[in-house]
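Data block below; observations after.
Atoms considered below: every heavy atom in the structure, side chains included; atoms not considered: hydrogens, waters and symmetry mates. We number each residue from 1, following the sequence as shown.
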Amino acid sequence: MPNTVTSGFVHWKKKPDLQHDVQMALQTILFCILFSAQQHDGSVGGVAAAYENSKIFKIGAVLSPMENTAYFFQVIEDIIYEPNILPPGVILYAAIVPMNPNPIRTAQKVCEDLISATVYAVIISHPNTGELSPAAVSYTCGFYNIPVIGISSRDSSLSDKNLHASFLRTVPPYSHQADVWIELLKFLHYKCVVFIHSSDNNGRYTLGRFQNLADKAKIKLDDVIEYEPGFTDIIHDLEKTKDLHCRVFILYANTEDAESIFREVEQLKMSSPGYIWVVSEQALLASNRPDGILALTLVNASDTAGHIRDSVYIIGLGLRDLIHNENITDAPDSCGTVGKPWETGKQFVEYLKAQSLLSGKTGRVAFDEKGDRLNSDYDIVNVVDGRTAKVGHYTFSKVQMRMNLQLNVSNIRWPGNQTTKPLGYIVPTHLKVVTTEEKPFVWRRTVESGDECKEDEIPCPRANSSLQHFYCCRGYCMDLLKKLGNDLNFTYSLYQVEDGQYGSHEYINGSKKKYWTGMMGDVVYEKADMIVAPLTINPERSQVIEFTKPFKYQGITILEKKQPKSSTLASFLQPFEQTLWILVMVSVHVVALALYLLDRFSPFGRYKLPNSEATEEDALNLSSAIWFAWGVLLNSGIGEGTPRSFSARVLGMVWAGFAMIVVASYTANLAAFLVLDRPETSLTGINDARLRNPLENFTYATVKGSAVDMYFRRQVELSNMYRTMEGKNYDTVEEAIAAVKSGDLNAFIWDSSRLEYEAAQDCDLVTAREQFGRSGYGIGLQKNSFWADQVTLALLEMHESGYMESLDNKWILSGDDKCDTKHEKFPATLGLKNMAGVFILVGAGIIGGIGLIIIEIIYKKHQTRKQRRMELARHAADKWRGTVEFANFKECSSLTVCLKLGTKLHNGLSVLCPIQVSKPTFYRC
């Protein structure tokens, strides 16, 4: 038989199957001889000499039985000839330790025969009996950072990297069955499940993984039962599940626990039609497994040879990358010395995790961050008449590059030998509905004991209330609930939430854990099945309960008391700004001055010169010009003092046009300010400066723990407003609205539907012009409730049919015309408060006129007295002068002489008449 020495091995050419066993045995013996010689004296004769310049890496294995050992040698040899696996000059040697059921003995052999041989990685299978040997090997090698690849160990505890830092495996842990279960439930459209598991590490790991995946898939865990033999009353726990709506059960249990559970399931007749059971691989092995269950079986789980080959190839690929990228140091060679950690081993583990085989012997091989096998193939089997039948598979698709589930539902025999897929739940016909008072959606009326509610009302007692009162509720939401009950054929019992709150996530009574309060808490903790109230849909609530599509869309707005513009005494001056009034006043006098000057200097004007003897009427003076300018502006008649010159009249016409425009503008604006003026909100919206930077005398708030409160808490840009409101928020909407009406609160921030309703009912209230934080009101249900889709479809149908619009008209928009009639159908009427300033102005004019005439009278009397004094003074002076000069006067001889001399008679009185003679002589007539 020809043979060649290659890469440290005796390489046998391929022979027929009859000689295969002989070849493998001989090859094993030769390899052991070569390896032993190399271990002791560093040479293997001519064989060693051929590879004295090669880099040798030893790979250890802890395997059973013997045929696996031989195959391991064969794979080590085969990989050397595989292209693109090992770099040139790299040789792999094998070191093998037989599997021992005793974990201590196994760990000792690993130290003595593998670590001392400086192995770079170890492959380990599972013992025929016992389960601790793989963990012992992993822990021992992990202490020295030597990678370990398990090919059959599926215990979930090996995924704990704190204890098994360097452990990888080509088989998935038992907990990975949860991945297939989730895909199976999604395929079958089951939204709820009862999970039963054994009280061991595998059971807890599987539950944790299933819970995480179920949350992402929106599958609800209605109940979790942990079974511990001798401690768990499984009959009692299973009977409690009968009260649940869900009928889908997932069982993860070892074979022994599964047999005990199946006995009780059969006794309680929970494998009858309508139930669905999906069980683990171990539970499938129970001798009393019932017919109709679905189970998983791992493909290639027992193909040890395939896992050995895939493991060796993963090591070869990882070693290739390690050599190419890192500076490799020698592996530890003793368990007795503790030096520096082998950093190359840590790096090797990471390179191994990064490898993948698209077409391995056991399918696609890849690892997650914990070193667990990904993309494992499973068969889905159905137990029929005590035997298993394959009905589907969960495999990796090389085309889609992802796992793909295929299931032939028509071939499945369900419990009770049913061929039709069960619903997976029992449809409840009676729902517990919670609500709270919120006008106009829910009106509450107190009735005496025994009184019946009206036809449009629903009984709504207060939960856990000690008050002996009965309540009846009506409104938008109550009509909606009646409609849903009729359309979806369910009955209901309505009650009011105890604390009257919508619900928030907060600490209660100093607890360290947050709890949901209000209506949210009742649904989250399954006290109620449904919330029918104006409950705002937001992200925080959507995480814990199921919302339907909105039955009403709305936003957030601001309510405040109307602040009418104050009608001051100067209200009639509001049409013009102060600057414009000043300019008008100045223009009047400037134009008057211009008119006076134009008429004064024009040759055609009426100005009368001081020495002129003309008989024309008086000319246009400055006073008359001012009177003319004001008369034109105020549209009053002008009887005198008009300009005569052409230039002045042109200016007068221009001034008349100016006056017409000013007066018309004033009149129009006065109507807008006084006749059409309506009080509006003083806030422009959420960006109003008084909200963003509040003053001490301006307060605003919302309802604590509400969706609006959550909105402000969630928005970073509104954090200042949230801090401002946090200590001022009210417990209920009614309290806040009452505070706005009384003036204790300046602004209330709440849902637009409610605030618009309040503004329509009370004309003293008004809402801001803009809305923000738009959302919708939805009906809340328990998480993953099967009623969610049905209620959503019913709501969409109501929107299309116009029913929701009729509810809006009936309950929300019913009071709109109460305030609209006052403001729009009839013009506003001016009162004394609007025009008081005009009357006061007239009064001031009268008083001013009286004051001026008094001044004129006083001035005239003063002037008269002054003139009298002057006349008396002149008379006295004349008399004194006549007395002094009397000696120089003579009497005339006759009247004729006096007349000739220029003497006059005046009123029979004689006057002194001078007469010129030869010398100055005066005569007296």
Side-chain angles (χ1 to χ4, degrees), residues 435-439 441-442 496-511 514-522 531 533-541 554-561 681-683 685-759 762 765-768 770-775 777:
T435 189
T436 187
E437 184 180 17
E438 175 76 19
K439 301 174 185 177
F441 296 93
V442 181
Q496 299 177 64
V497 67
E498 183 178 5
D499 57 8
Q501 301 292 325
Y502 285 88
S504 60
H505 201 211
E506 58 188 32
Y507 298 103
I508 300 177
N509 298 327
S511 62
K514 286 187 175 182
Y515 294 91
W516 283 96
T517 60
M519 294 186 295
M520 286 292 302
D522 282 11
I531 299 174
L535 183 67
T536 303
I537 302 172
N538 63 22
E540 294 87 350
R541 292 171 175 171
Q554 51 86 41
I556 303 173
T557 189
I558 307 169
L559 180 75
E560 62 175 332
K561 198 171 183 179
T681 174
S682 61
L683 294 174
I686 190 62
N687 294 317
D688 194 283
R690 282 169 294 177
L691 297 178
R692 296 287 185 165
N693 302 292
L695 303 175
E696 292 183 359
N697 59 349
F698 188 87
T699 58
Y700 57 92
T702 185
V703 176
K704 59 184 178 183
S706 63
V708 178
D709 189 32
M710 296 179 189
Y711 174 81
F712 279 91
R713 185 191 313 165
R714 187 169 59 248
Q715 301 296 323
V716 178
E717 64 273 15
L718 301 178
S719 58
N720 186 41
M721 294 181 62
Y722 173 74
R723 289 191 297 270
T724 302
M725 294 189 300
E726 192 172 10
K728 304 173 184 176
N729 289 336
Y730 288 80
D731 292 330
T732 64
V733 179
E734 282 69 23
E735 292 179 5
I737 293 176
V740 173
K741 292 180 178 179
S742 64
D744 296 334
L745 184 65
N746 296 102
F748 176 49
I749 305 175
W750 193 243
D751 296 338
S752 59
S753 299
R754 174 65 188 275
L755 298 188
E756 288 170 357
Y757 168 78
E758 292 292 339
D762 189 341
L765 301 178
V766 67
T767 58
E770 71 171 21
Q771 295 182 7
F772 59 96
R774 294 186 177 274
S775 59
Y777 291 146

Rounded to the nearest 0.5 Å, what's the gap from [atom1] on [X] to [atom2] on [Y]? Could you check?
{"X": "Ile556", "Y": "Glu770", "atom1": "CD1", "atom2": "CD", "answer": "12.0 Å"}
{"X": "Met519", "Y": "Thr435", "atom1": "CE", "atom2": "OG1", "answer": "6.0 Å"}
{"X": "Trp750", "Y": "Glu438", "atom1": "CH2", "atom2": "CD", "answer": "6.0 Å"}
{"X": "Lys704", "Y": "Tyr730", "atom1": "NZ", "atom2": "OH", "answer": "11.5 Å"}
{"X": "Leu535", "Y": "Met520", "atom1": "CG", "atom2": "CE", "answer": "6.5 Å"}

Whether the side chain of [X] engages the backbone of [Y] through a donor-acceptor N/O pair (distance < 3.5 Å, no angle test) should be reported.
{"X": "Asn720", "Y": "Arg692", "answer": "yes"}
{"X": "Thr436", "Y": "Gln501", "answer": "no"}
{"X": "Asn729", "Y": "Thr702", "answer": "yes"}

Exercise. Would Glu734 and Arg754 count as a salt bridge (charged side-chain N to carboxylate O under 4.0 Å, His left out) if you check the C-alpha gap in whole Å, the side-chain angles of each, and the deciding distance to 0.1 Å?
Worked result: CA-CA 11 Å; Glu734 282 69 23; Arg754 174 65 188 275; 3.2 Å; yes
Holding to side-chain contact (heavy atoms from CB on, under 4.5 Å), I want the full list of residues that pass it with [X], two or more places apart in sequence or in another chain.
{"X": "Gln554", "answer": "Thr536, Asp751, Ser752, Ser753, Ser775, Tyr777"}
{"X": "Ser719", "answer": "Arg723"}
{"X": "Ile537", "answer": "Ser542, Phe547, Pro550"}
{"X": "Lys741", "answer": "Ile737, Glu758, Asp762, Leu765"}

Can you find a heavy atom in the side chain of [X] that is under 4.5 Å from one in the side chain of [Y]?
{"X": "Thr557", "Y": "Leu559", "value": "no"}
{"X": "Phe712", "Y": "Ile686", "value": "yes"}
{"X": "Phe698", "Y": "Leu691", "value": "yes"}
{"X": "Tyr711", "Y": "Asn538", "value": "no"}

Problem set entry | Check: Thr699/Asn746 side-chain N/O donor and acceptor closer than 3.5 Å | yes
Problem set entry | Residue pairs passing the salt bridge (charged side-chain N to carboxylate O under 4.0 Å, His left out) test where at least one lies in residues 706-716, sequence neighbours excluded | Glu540-Arg714, Asp709-Arg713
Exercise. What pair of heavy atoms forms the shortest contact from Ser504 to Gly705, and how long is it?
Worked result: CB-O, 3.4 Å
Problem set entry | For Tyr700, all residues meeting ring-ring contact (aromatic ring centres under 6.0 Å, His included), sequence neighbours excluded | none
